[in-house]
Amino acid sequence: MALLQISEPGMSTAPHQHRLAVGIDLGTTNSLVATVRNGISVVLNDENGRAMLPSVVRYLADGGVAVGEAAQTMQSEDAANTIVSVKRFMGRGLKDVGEISRLPYRFADAPSSGQAASPFATSGGSGQGSGMLQLRTVAGIKSPVEVSAEILKVLRSRAEAALGGELVGAVITVPAYFDDAQRQATKDAARLAGLNVLRLLNEPTAAAIAYGLDNAAEGVYAVYDLGGGTFDISILRLSRGVFEVLAANGDSALGGDDFDHRIHCWLLEKNRLSALGPRDTRLLLTHARAAKEQLTEHAEARITAVLSTGEMIDSVLTRSEFHAMSQNLVQRTLQPLRRALRDAKLDIADIKGVVMVGGATRMPQVQHAVGEFFGQTPLTNLDPDKVVALGAAIQANLLAGNRSGDDWLLLDVIPLSLGIETMGGLVEKIIPRNSTIPTARAQEFTTFKDGQTAMSIHVAQGERELVSDCRSLAKFELRGIPAMVAGAARIRVTFQVDADGLLNVSAREMGSGIEAAIAVKPSYGLSDAEITRMLQESTQHAQGDMQARALREQQTEAGQLLEAVQHALEQDGGLLDQAGRTQIEIRMGALRDTLHLADHLSIKRAVIALNDATVGFAQARMDKSVARALAGRNISELDEK
C-alpha cells in the first residue's frame with residue numbers, strides 16, 4: 001500500500017510476534033468466536049456487526065448450504081432441510097434422542113462406524129443405537145458432525161477475515177457433561193471445518209476464566225450454565241490465578257429447547273390441535289421461543305400464527321402460566337447442583353458467588369430458583385451469551401504461546417467415570433468422575449481360567465455398576481499371554497485422559513511384556529475413513545472456496561485502503577492541489593464501485609490504481625513529517641544523535 005502508517009518509535013505493532021488463535025462457543029442456539037486483542041478478550045462480529053451466529057444450517061437442492069440468519073429465516077418453510085439445535089445430536093444415536101416424533105427431520109440410524117484403531121471395537125452400550133444418527137436432506141444424508149462443521153467453517157472465515165491471517169488453532173467449548181463420544185464428535189467437526197483444535201474446554205470452566213480474570217475474583221464459585229440444549233453445573237476454586245474445578249455435574253439433554261417445547265405443547269392443548277406436520281411444528285416452536293424471550297421482560301406474550309391448513313392461532317401466554325408449566329424443568333437443574341456440592345464436599349454456605357451462563361438463564365424463574373437455592377443473588381455482570389467464548393479466547397491465546405499479562409493455571413476435571421468390564425458384567429472404575437485432567441491411572445487384573453492366553457478388554461463410561469447400564473466406548477484384545485494357572489498372570493491396564501477429556505487405554509502383561517493399546521474412538525463418533533471421505537468431498541468445492549477467500553481478502557484490503565486514504569485526506573489534504581485531490585477521489589469512487597462485485601481481480605486492479613494515485617501524496621506527507629521532526633534542530637545536534 002502506498003500510504004504510510006507513521007508510528008512513534010517502539011509503538012508500532014509486531015504482528016509476526018502474535019499467533020492468531022480464537023475461542024469458539026459452538027452453541028445449541030447461537031455460536032460465537034472471540035479472540036484476544038491488546039490483552040483484552042473480544043467477540044468478533046460479522047460484516048453486519050452481529051456477534052451471534054444462529055446455529056442453523058439449511059441444505060439446498062443444488063448442493064448449496066446456508067448458515068446462520070439466512071437459514072434461520074427459512075426454518076419454518078423448509079423445516080426438514082433446515083437443521084436447528086444440532087448440538088443435541090452430536091455423538092448420539094436415534095435411541096438417545098427422546099421424542100423424535102416432535103422433530104421435523106427425516107432420520108436415519110447409521111451403522112456403527114467402528115473403531116479405526118482396533119478391529120475389536122463395539123457399538124454404544126446401554127442398548128443404544130448402533131451409530132450416530134443421520135439426517136436425510138435434499139443434499140443427501142448428513143451427520144450432526146457435518147452440520148456442525150458448516151457452522152464452524154463460517155466462524156473460521158469470520159475470524160480469519162477479522163484478524164487478517166490464518167489461525168494457529170482454536171479452543172472449542174463443550175458442555176462439561178459431554179461424554180467421550182460427544183467430545184470426539186466435536187473434534188471431528190472442527191477437523192472437517194479445517195480448524196486445529198488446541199483444546200476442548202468445558203463451557204462452565206471457560207465462563208469462570210472470563211469472570212475470574214475480569215473481576216479478579218477469588219474463592220469458591222458455582223457456574224450455572226443453562227444453554228439451548230444442555231445444562232451444566234461446575235464448582236470451581238479461584239485462588240491467585242489458579243482455576244481448579246472441584247466438581248462437575250449436569251444434564252446433556254436439558255436446555256432452553258425444552259422450555260420452548262412446553263409452550264408448544266400448551267399451544268396444541270389450548271387450540272385443540274393434534275400432531276402437526278413438520279412445517280407447522282417448526283413454526284410453532286419458533287413462535288414459542290420468541291414468546292419465551294418476550295416473557296423475560298414482559299408479563300405476557302401474544303402468539304399469533306397461521307398454520308398450513310389456514311387455521312389461525314391467537315393465544316396469550318402469561319408469565320405466571322409459563323412459570324407453572326416449566327417449574328419441573330427448573331427443578332431438574334437443582335438436583336445436579338446438590339450432587340456437585342456433595343462431590344466437592346462443600347456446603348451451600350461455602351459458595352462465594354454464582355455465575356450465570358447461557359441465554360436460558362435470563363428467564364426470571366431460573367434466576368429466582370438459583371438465587372433461592374444458594375441464598376444469594378446470582379452474578380450477571382458479564383453477558384451470559386458471550387462469557388463462554390470470551391473465556392475460550394483467553395485459553396486459546398495462552399495455548400498459542402502468546403504472552404499474557406495474567407499468569408494463571410487451569411485444572412479441569414473429567415465429568416464421567418471410566419473403567420473396564422469385569423466378570424459378571426460389572427464395571428471396575430479406573431478413573432473416577434471429577435478427576436483432574438490430564439491424568440493417567442493403572443490397575444492390575446489377572447486371568448480367570450488355567451492356560452488363558454488372551455484377554456478381552458471392554459472400556460465403558462458411566463456411573464452405574466453394570467456395564468449394560470453404561471456407555472460402551474471400545475473393546476480390544478491382549479493376546480500372547482503366557483499359559484499359566486488362573487490368577488498367576490499380572491495384567492496392568494492403564495487409562496490416560498488428555499486435556500480434552502479423550503481417552504487412550506493400554507494393557508500389558510507384566511511378566512512377558514506383551515502389550516496392546518487403543519486410542520478410544522467412540523462408536524458414536526466418526527471413523528478416520530469417514531472423516532477422510534468427507535474431507536475428499538470438501539475438495540470438490542475447493543476451487544470455489546479459494547475464490548471466495550480471495551474475494552474476501554481483496555474486499556478487506558480495499559476497505560482498509562479506503563479508510564487510510566480518507567483519514568490522510570482529512571489530515572493533510574492541504575498538501576494536494578485540486579487536480580491531485582480530484583484524481584484520488586475518482587480512484588476511491590472506482591474502488592468503492594467494485595466492492596459489490598464478486599470479482600476479486602477487479603477489486604485488485606482498483607486497489608493498485610488507487611495506490612498509484614497516492615504515491616505523490618504519500619511522499620508529500622513523509623516530507624512534512626520529516627520537516628516537523630527536524631524543525632529547530634542544528635547539524636551538530638543531529639550528528640550527536
Side-chain angles (χ1 to χ4, degrees), residues 22-33 52-59 65-72 75 81-93 96-97 103 105 107-108 110 113 131-137 139-159 167 169-175 178-203 227-230 252-253 255 257 388-389 392 500-502 521-522 524-527 530-531 533-535 537-538 541:
V22 295
I24 293 177
D25 177 5
L26 182 60
T28 304
T29 307
N30 294 291
S31 296
L32 303 93
V33 59
M52 303 285 219
L53 175 71
S55 300
V56 185
V57 177
R58 182 188 178 210
Y59 289 97
V65 181
V67 181
E69 298 279 352
Q72 191 176 48
Q75 60 182 335
N81 298 301
T82 306
I83 316 301
V84 304
S85 300
V86 70
K87 185 173 179 177
R88 301 191 81 162
F89 303 148
M90 292 288 277
R92 288 291 174 254
D96 295 312
V97 181
L103 299 171
Y105 309 123
F107 289 102
S113 62
M132 197 190 309
L133 63 80
Q134 307 282 298
L135 297 150
R136 298 183 187 276
T137 73
I141 293 179
K142 303 294 180 181
S143 77
V145 167
E146 293 172 279
V147 179
S148 297
E150 297 295 345
I151 300 169
L152 290 172
K153 286 176 185 176
V154 173
L155 295 175
R156 175 192 169 196
S157 296
R158 177 189 297 185
L167 301 178
V171 168
I172 301 178
T173 61
V174 294
F178 255 22
D179 63 22
D180 207 68
Q182 292 166 305
R183 290 168 189 268
Q184 185 61 57
T186 303
K187 288 198 80 170
D188 288 344
R191 181 179 169 190
L192 197 58
L195 285 166
N196 173 38
V197 179
L198 299 172
R199 179 73 50 85
L200 293 181
L201 182 63
N202 289 341
E203 290 166 1
T230 58
S252 61
D257 287 354
V388 169
D500 295 327
L502 299 175
K521 180 88 168 176
Y524 282 83
L526 296 179
S527 69
E530 287 177 298
I531 289 291
R533 174 186 59 79
M534 293 176 187
L535 290 171
E537 289 176 354
S538 70
H541 306 286

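Numbering starts at 1 and runs along the sequence shown. What you see below is based on every heavy atom in this structure, not just the backbone, and it leaves out hydrogens, waters and symmetry mates.
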Hits for ring-ring contact (aromatic ring centres under 6.0 Å, His included) against Phe89, two or more places apart or cross-chain, chain-then-number order -> Phe107
CG of Leu133 to CD1 of Ile141, rounded to nearest 0.5 Å, is 11.5 Å
All heavy atoms of Ala389 vs all of Leu32, minimum pair found to be CB-CB, 4.0 Å
Val65 meets the side-chain contact (heavy atoms from CB on, under 4.5 Å) criterion, sequence neighbours left out, with Val57, Tyr59, Val67, Glu150
Is any side-chain heavy atom of Leu155 closer than 4.5 Å to a side-chain heavy atom of Leu195? no
So, Gln184 and Asp188: side-chain donor and acceptor under 3.5 Å apart, yes or no?
yes
Value for OG1 (Thr186) from CE (Met90), rounded to nearest 0.5 Å, stands at 4.0 Å
Contacts of Thr230 meeting side chain to side chain donor-acceptor pair (under 3.5 Å) (sequence neighbours excluded), chain-then-number -> none
| field | Minimum side-chain heavy-atom gap Leu192-Glu146 below 4.5 Å | value | yes
Taken in chain and number order and not counting sequence neighbours, the residues that satisfy side-chain contact (heavy atoms from CB on, under 4.5 Å) with Ser55 are Ser31, Ile151
(Q) Donor-acceptor check, side chain of Lys87 to backbone of Leu26, threshold 3.5 angstrom: yes or no? (A) yes
_With heavy-atom distances below 4.5 Å as the criterion, would you say the side chains of Phe178 and Thr173 are in contact?_
no
Sorted by chain and residue number, the side chain to side chain donor-acceptor pair (under 3.5 Å) partners of Thr28 (sequence neighbours excluded) come out as none
For Ala185 and Gly91 the tightest heavy-atom approach is CB-N, 3.8 Å
Residues Val33 and Ala159: closest non-hydrogen pair is CG2-CB, 4.1 Å
Distance col, row Ile172:CD1 vs Ile24:CD1, nearest 0.5 angstrom, shows 5.0 Å
Taken in chain and number order and not counting sequence neighbours, the residues that satisfy side chain to side chain donor-acceptor pair (under 3.5 Å) with Ser85 are Asp257
By salt bridge (charged side-chain N to carboxylate O under 4.0 Å, His left out), Arg183 pairs with (sequence neighbours left out) none
When rounded to the nearest 0.5 Å, the distance separating CG of Asn30 from CG of Leu53 is 7.5 Å
Closest heavy-atom pair, Gln72 versus Pro54, reported as atoms and distance to 0.1 Å, is OE1-CG, 3.5 Å
Hits for side-chain contact (heavy atoms from CB on, under 4.5 Å) against Ala70, two or more places apart or cross-chain, chain-then-number order -> Ala66
Arg88 meets the side chain to side chain donor-acceptor pair (under 3.5 Å) criterion, sequence neighbours left out, with Asp258
Residues Glu203 and Val388: closest non-hydrogen pair is O-CG2, 3.7 Å
Next on the checklist: Are the side chains of Leu200 and Lys187 in contact, using a 4.5 Å heavy-atom criterion?
Outcome noted: yes
